[in-house]
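To start, the structure under review is shown below, and the notes come after it.
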2 protein chains.
Amino acid sequence: MFKDLNPILHSQLRLAVVSILITVKEAEFTYLKEKTNATAGNLSVQINKLKEAGYIEVVKSFKDNYPQTICKITPQGVQAFEEYVKDLQTYLNIKK
Amino acid sequence: MFKDLNPILHSQLRLAVVSILITVKEAEFTYLKEKTNATAGNLSVQINKLKEAGYIEVVKSFKDNYPQTICKITPQGVQAFEEYVKDLQTYLNIKK
DNA sequence: GTAAACTAGTTTATTTTATAAACCAAATGA
DNA sequence: TCATTTGGTTTATAAAATAAACTAGTTTAC
């Protein structure tokens with residue numbers, strides 16, 4: 001009946017990050033922070049979890065002398081997100 | 001951009017319970033346990049949280065000599081669920 | 001009639017998560 | 001130069017989910 005929801009994506013902040021990355025393909029840490037209203041610490045932790053899960057790719061470099069962290073979604077990330085959205089439907093089945 | 005998700009509903013088990021109660025209006029503890037595949041302990045805890053939030057009503061009685069716990073959704077529960085589903089859309093906006 | 005197994009839960013303890021607070025290294029500005 | 005800001009990370013704390021243990025009673029089998 002109810003499909004298990006991917007716990008990595010069933011988190012408000014991680015879901016927001018993946019949601020953004022699905023549409024923009026690439027985003028800076030600061031951009032994600034602004035769009036999600038997350039604290040830097042929280043975002044840092046959650047980005048690492050997404051990276052460890054293989055859902056995003058993180059590239060660190062420097063831009064205008066400042067450190068810069070760029071995140072991109074991976075094919076696994078896209079797939080996991082689509083699966084999550086599909087699974088979620090079973091919980092929201094008011095639309096019949 | 002991203003609306004905050006109701007933390008009481010953003011939980012797999014509680015969401016499943018509310019989802020069921022939205023469609024059946026009334027359900028026994030044992031029925032919910034079977035449908036959600038939850039352990040009794042976990043279900044007991046989560047039912048209490050939903051009750052404390054005012055999202056469900058819990059009536060205890062006896063049936064065939066055994067204790068029986070019946071849960072029903074409240075108007076606030078229905079409203080919170082609908083709001084949650086709506087808020088969730090902002091995270092899933094792949095459909096444009 | 002009494003021990004073993006089962007029903008229907010609750011409570012407590014443990015693990016996992018989420019979040020906040022504190023920190024770091026470097027850059028900028030007064 | 002030293003206080004502030006940027007762009008983070010690490011560590012500590014709070015909250016949540018989950019499991020394990022327990023309660024209270026019932027049924028079944030001897």
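Excluded from the calculations below are hydrogen atoms, water molecules and symmetry mates; all remaining heavy atoms, backbone and side chain alike, are included. In what follows, chains are A, B, ... by sequence order, proteins preceding strands, each numbered from 1.
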Report, one pair per line, the protein and nucleotides 20-23 of chain C atoms (nitrogen or oxygen only) whose separation is under 3.5 Å.
none

Name all residues meeting the ring pair (Phe, Tyr, Trp, His ring centres under 6.0 Å) criterion together with A:F29; count only those two or more places apart in sequence or in a different chain, and write none if there are none.
none

Check the hydrophobic clustering (I, L, V, M, F, W, Y; side-chain heavy atoms under 4.5 Å; chains of links allowed) and say if A:F2 and A:L5 are grouped together.
yes

Near DNA chain C, under 4.0 Å by heavy atom, which residues of residues 51-70 of chain A?
A:N65, A:Y66

So the salt bridge (Lys or Arg N to Asp or Glu O under 4.0 Å) pairs with at least one residue in residues 30-48 of chain A (sequence neighbours excluded) are none

With under 30° as parallel and over 60° as perpendicular, where do the rings of B:H10 and B:Y84 fit, or are they tilted in between?
tilted

Under the salt bridge (Lys or Arg N to Asp or Glu O under 4.0 Å) test, residues paired with A:K72 that sit two or more places apart
A:E26

Over all strands shown, is B:S44 touching base, sugar-phosphate only, or nothing at heavy-atom distances under 4.0 angstrom?
base

Apply salt bridge (Lys or Arg N to Asp or Glu O under 4.0 Å) to B:K63 and list each qualifying residue two or more places apart in sequence or on a separate chain.
B:E28

For A:L15 and C:dT17, give me the distance from atom CG to atom P, rounded to whole Å.
16 Å

Other residues, nucleotides and ligands only: do more than 12 of their heavy atoms fall within 6.0 Å of CD on A:Q76?
yes

Do side-chain atoms of B:N6 reach the backbone of B:I8 as a donor and acceptor pair under 3.5 angstrom?
yes

Counting only non-hydrogen atoms, which of residues 2-14 of chain A are less than 4.0 Å from DNA chain C?
A:S11, A:R14

Leading and trailing nucleotides of DNA chain D with any atom under 4.0 Å from heavy atoms of chain A
D:dT6 to D:dT10

Scan A:K49 against the nucleic acid and name what it touches under 4.0 Å (heavy atoms): base, sugar-phosphate only, or nothing.
sugar-phosphate

For the pair B:T90 (side chain) and B:D87 (backbone), establish whether a donor and an acceptor sit closer than 3.5 Å, ignoring hydrogens and angles.
yes

When you group the ILVMFWY residues by side-chain heavy-atom contacts below 4.5 Å and let the links chain together, are A:V58 and A:I70 in the same group?
no

Would you please name every residue forming a side-chain contact (heavy atoms from CB on, under 4.5 Å) with B:A27, sequence neighbours left out?
B:L21, B:V24, B:Y31, B:L32

Which pairs pass side-chain hydrogen bond (donor to acceptor under 3.5 Å, both in side chains) with one or both residues in residues 42-52 of chain A, sequence neighbours excluded?
A:R14-A:Q46, A:N42-A:Q46

Within the distance-only criterion (no hydrogens, no angle test), does the side chain of A:T23 pair as donor or acceptor with the backbone N or O of A:I20 below 3.5 angstrom?
yes

